[in-house]
There are 2 protein chains.
Amino acid sequence: MCDNYDPTKCQTVSEMLARLGDKWTVLVIMMLGDGPQRFSDLKRSVVGISQRMLTLTLRSLERDGIVERTVHPTVPPKVEYALTDLGRSFGEPIRALGGWVFTHHDRIQTARADFDRRNEVDAGNKLIKLG
Amino acid sequence: MCDNYDPTKCQTVSEMLARLGDKWTVLVIMMLGDGPQRFSDLKRSVVGISQRMLTLTLRSLERDGIVERTVHPTVPPKVEYALTDLGRSFGEPIRALGGWVFTHHDRIQTARADFDRRNEVDAGNKLIKLG
DNA sequence: CTGCATCCTACCAGATACTG
DNA sequence: CAGTATCTGGTAGGATGCAG
């Protein structure tokens, strides 16, 4: 894909893919798709995420211009996160990918089951050979 | 996204995203997009990949039904890897994502530069405060 | 409430050496 | 040629404690 393109851009593609690959990024983006959210709201809705990971994830997304951070200098502090235009447009290809997995979910599952079954058989054969 | 859907499928979505996130999967899929390739061909074309990682990557993709493995029982051994139909169709959303990054590459880069610049300034302010 | 710093662990990529 | 087996360093990420 990157053969006849700017290698710098391919670098960025890899980076964004790696970003998507981590456990939390997509979940956070999806949550923010419903509208701006406070830090603790996100912490609650993205079940299982640690404070640290939420902070790190949001920082990365903010740096890439996907998410916008707004601090209300009140006490107690209130910080809101929202998708930028860029972030919203990023959601589209992500959803496309999610959609693909949904439609092909069954084929993937059966492929895995078949593979695992074959491997068990192979393991059995190996045992026979060894015995 | 997964709110009103089968949680099992969402699990699969996460898994596939994680798959995409790793360093080599997408590269391998792209290489195979040009047609079937032997193990050592892939090793050569996917620059920097180790034997071990190539094996692992191909096994995962084979398990998910993305890649098909054909052994020719000759000597020396010859093993060919090819995309399945599922694999080829998987390429589409991936390309869509790659395309998105390409088109928005500049915005991402400037967002990052801005963010980093702001942070340097902040760091400077902190130092002033501390001094 | 938000978020940084620190510590600690488990896991994984990479290198190397060996096998059919 | 196409793998497997084993070791090791680096890192992602959770838990905890402190601060503004």
Side-chain angles (χ1 to χ4, degrees), chain A residues 14-15 17-28 31-32 36-63 67-82 118-119 122-123 125-127 129-130, chain B residues 14-15 17-28 31-32 36-63 67-82 115 118-119 122-123 125-130:
Chain A
S14 298
E15 289 169 13
L17 281 170
R19 192 65 45 88
L20 287 188
D22 79 55
K23 214 170 164 187
W24 306 112
T25 300
V26 172
L27 288 173
V28 169
M31 293 321 297
L32 290 178
Q37 305 265 339
R38 299 185 56 178
F39 185 87
S40 30
D41 292 338
L42 285 172
K43 175 107 175 51
R44 247 183 312 273
S45 30
V46 182
V47 181
I49 195 170
S50 66
Q51 219 167 28
R52 178 187 144 90
M53 280 301 102
L54 182 54
T55 305
L56 260 49
T57 305
L58 287 169
R59 281 290 172 284
S60 301
L61 291 173
E62 193 194 350
R63 185 171 115 95
V67 152
E68 191 183 21
R69 179 172 178 267
T70 322
V71 182
H72 299 87
T74 59
V75 41
K78 177 175 166 182
V79 183
E80 271 197 342
Y81 293 89
R118 277 200 303 275
N119 266 27
D122 286 358
N125 286 342
K126 255 185 196 168
L127 288 178
K129 256 174 88 178
L130 290 175
Chain B
S14 299
E15 288 170 13
L17 281 170
R19 193 64 46 88
L20 287 188
D22 80 53
K23 213 172 164 184
W24 305 113
T25 301
V26 172
L27 288 173
V28 168
M31 294 321 297
L32 289 179
Q37 305 264 340
R38 299 184 56 176
F39 185 87
S40 31
D41 292 338
L42 285 172
K43 176 111 175 48
R44 248 184 309 274
S45 31
V46 181
V47 182
I49 197 171
S50 66
Q51 218 167 28
R52 179 188 143 88
M53 279 302 103
L54 183 54
T55 304
L56 259 49
T57 305
L58 288 168
R59 283 288 175 286
S60 302
L61 291 173
E62 192 195 351
R63 186 172 115 96
V67 153
E68 191 183 21
R69 179 170 177 268
T70 320
V71 184
H72 300 88
T74 59
V75 42
K78 177 174 165 179
V79 180
E80 271 198 342
Y81 292 90
F115 182 90
R118 277 201 304 276
N119 266 26
D122 285 357
N125 286 342
K126 256 185 195 169
L127 287 177
I128 291 168
K129 258 175 87 178
L130 290 174

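First the proteins, then the strands, lettered A, B, ... as listed; each starts at 1.
Listed by chain and residue number, Glu80(A), Ala82(A) satisfy the side chain to side chain contact (heavy atoms under 4.5 Å, CB included) test with Pro36(A) (two or more places apart in sequence, or in another chain). In this structure Glu15(A) satisfies the salt bridge (Lys or Arg N to Asp or Glu O under 4.0 Å) test together with Arg112(B), sequence neighbours excluded. Residues meeting the side chain to side chain donor-acceptor pair (under 3.5 Å) test with Arg63(A), sequence neighbours left out: Asp116(B). When the side chain to side chain donor-acceptor pair (under 3.5 Å) test is applied to Arg59(B), no partner is found at least two apart in sequence or on another chain. Applying the side chain to side chain donor-acceptor pair (under 3.5 Å) criterion to Arg52(A), with sequence neighbours excluded, gives no partner residue. For the side chain to side chain donor-acceptor pair (under 3.5 Å) test, residues two or more places apart in sequence or in another chain that qualify with Arg69(A) are Tyr81(A).
Look at Arg38(A) and you won't find any side-chain N or O under 4.0 angstrom from OP1 or OP2 of dC1(C). The shortest distance between the side-chain N/O atoms of Tyr81(B) and the OP1/OP2 oxygens of dG3(D) is below 4.0 Å.
Gln51(A) has its CD atom 9 Å from the C1' atom of dC1(C), to the nearest Å. The distance between atom CG of Leu42(A) and atom P of dT2(C), rounded to the nearest whole Å, is 9 Å. Between the CD atom of Gln37(B) and the P atom of dC1(D) there is a distance of 15 Å, given to the nearest Å. Distance Phe39(B) CZ to dC1(D) C1': 9 Å, rounded to the nearest Å. Atom pair Lys78(A):NZ and dT2(C):P shows a separation of 9 Å (rounding to whole Å applied).
Between the two ends of the helix from dC1(C)-dG20(D) to dG20(C)-dC1(D), each summarised by a five-pair axis, the helix axis turns through 40° (rounded to 10 degrees).
In this structure, the side chains of Val67(B) and Leu32(B) come closer than 4.5 Å at one or more pairs of heavy atoms.
Pairing each heavy atom of Met53(A) with each of Thr57(A), the nearest pair is O-OG1, 2.6 Å. Met31(B) and Ser45(B) make their closest contact through CE-CB, 3.4 Å (heavy atoms, listed as atom of the first residue, atom of the second, distance).
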How does each nucleotide of nucleotides 10-15 of chain D score, in 5' to 3' order, for protein heavy atoms under 4.0 Å: base (B), sugar-phosphate only (S), or none (-)?
---BBB
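If you take CZ on Arg38(B) and CZ on Arg44(B), they are separated by 8.5 Å, rounding to the nearest 0.5 Å.
Relative to the side chain of Thr55(A), the nucleotides dG3(D), dC1(D), dG3(C) differ in distance, and dG3(C) lies closest.
Less than 4.0 Å separates DNA chain C from at least one heavy atom of each of the following residues of residues 68-75 of chain A: Arg69(A).
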Which pairs of donor and acceptor atoms, one on a side chain in residues 21-28 of chain A, lie under 3.5 Å apart (sequence neighbours left out)?
{"from": "Asp22(A)", "atom 1": "OD1", "to": "Trp24(A)", "atom 2": "N", "distance (Å)": "3.0"}
{"from": "Asp22(A)", "atom 1": "OD1", "to": "Thr25(A)", "atom 2": "N", "distance (Å)": "3.1"}
{"from": "Asp22(A)", "atom 1": "OD1", "to": "Thr25(A)", "atom 2": "OG1", "distance (Å)": "2.9"}
{"from": "Asp22(A)", "atom 1": "OD2", "to": "Thr25(A)", "atom 2": "OG1", "distance (Å)": "2.8"}
{"from": "Thr25(A)", "atom 1": "OG1", "to": "Arg19(A)", "atom 2": "O", "distance (Å)": "3.1"}

